[in-house]
Amino acid sequence: MLDASRETIAKALNADFRQIIFTASATEANNLALRGVTERAKASGIERPRIIISQIEHESVLETARKLEKNGVEVIYLAVNREGIIDLEVLQKLLNERTVLVSVMYANNEIGTIEPIREIGKIVSTYRGIGVYPMLHTDAVQAFQFLDCDVNELRVDLMTISGHKIYGPKGVGVLYIRSGKQEKKLEAIVTGGGQEYGLRSGTENVPAIVGLVEAVKEIQKVKKKNAKKISTLKLSFWNKLNKILPKTELNGVGDLKSTSTLPNILNVYFSDRLALDLLMTFDRIGIMASAGSACSMRSLEPSYVIQALGHSRVRAESSIRFSFGALTTRKDILDAVSRIKAVIK
Ligand code: PLP
């Protein structure tokens, strides 16, 4: 079952069987990518390896980078524009011979912005650093359910995916690692019995892995259909909400039909500090929404993602994220809107 699962994931990413490592979460996969690559680089004689990450990465990348910074790794935090997109020219200029890893997420979990991974892949893969460097890692946790994740087309060396963002089980993740003729590219961070090609020891959680793989199989069949359906629902919700509260504005990509934004995430700024009151009211009336990231324990802090877009702390505190999914119906949207209408009245 483990072999068959590995084979299915490899196929889904256009990768090889041996390039798939199962982990206990996407957080762990991101840790393995950042820590594993920098440790290996140091071991191979690069004294102060540089890694470049965007300022809006998920905390599993951001916090790991901050830790590495304390241990002799130079971390560059790439700024993003108002829509949340990194500047390719700036990235190009930041690459140097000590750069071992660039880590830019495929799509952001709070604002839904999609990064130009294909273009980033071209830049990083054509830069000639030392040996196998620089490598490109992308956190595709949010992107996988809607976007093409062919690692060869995107020219990424490492990719993270997670079970529970594609309707699979919680507590299981994947790290794809491009292998080559070169020596091993990363050090294990969980050492022991040598499972997962020595890169992640510990007996694999087969039921969770099998669940993840079923989710991958299913999502591949419905990616396009889901994207269309969900983005229509999102657009309809936004138009109605904006009519009830005309002072609301979108955070991130302003054109909801743009190909630079995910179909399922809507991040709304509510003026007059209405957001906090609304959030509590929403909870009471059965609408689950979130200020900041839903998968963070620190969601009471104003979102660093919104602030990285150049918005004020006040705007970050006054913004709410709405998520839509394959199970959301038109009735849910109408129902939510009518509840919000009643509450506002
Ligand atoms: N990366 C992104 C973009 C996410 O949205 C999440 C949220 O769950 C993670 C990583 C962490 O995933 P996991 O909960 O599987 O560790």
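Whatever order the structure lists them in is the order used to number ligands and atoms, beginning at 1.
Contacts between Glu28 and ligand 1, counted as non-hydrogen atom pairs separated by less than 4.0 Å, are absent for every part of the residue. Contacts with ligand 1 closer than 4.0 Å are made by heavy atoms of both the backbone and the side chain of Ala26. Looking at Asn109 against ligand 1, only its side chain comes within 4.0 Å, counting heavy atoms.
Side chains of Glu83 and Thr113: a donor-acceptor N/O pair is absent below 3.5 angstrom, by distance only. At a cut-off of 3.5 Å, with distance as the only test, no side-chain donor of Asn30 or Thr27 sits close to an acceptor on the other residue. A side-chain donor-acceptor contact under 3.5 Å links Asn96 and Thr99.
Linking ILVMFWY residues whenever their side-chain heavy atoms come closer than 4.5 Å, directly or via other members, leaves Ile85 and Leu136 in distinct clusters.
Judged by the 6.0 Å distance and 45° axis criteria, Lys223 is positioned over the aromatic ring of Phe144.
The heavy atom nearest to atom 8 (O) of ligand 1, out of those in Glu59, Lys165, Gln142, is found in Lys165.
Within 6.0 Å of the CZ atom in Arg128, the count of heavy atoms belonging to other residues, nucleotides or ligands does not exceed 12.
For ligand 1, the polar-atom distance check against Asn30 finds no nitrogen or oxygen pair separated by under 3.5 Å. Where the criterion is an N or O separation shorter than 3.5 Å, residue side chain and backbone included, Ser60 fails it with respect to ligand 1.
For the pair Glu196 and Arg6, the salt-bridge criterion is met [side-chain N within less than 4.0 Å of a carboxylate O].
For the pair Glu57 and ligand 1, no heavy-atom separation below 4.0 Å is found.
Proximity to Ser162 (heavy-atom distance under 4.0 Å) selects the following atoms of ligand 1: 15 (O). For ligand 1, the atoms closer than 4.0 angstrom to any heavy atom of Asp139 are 1 (N), 2 (C), 3 (C), 10 (C).
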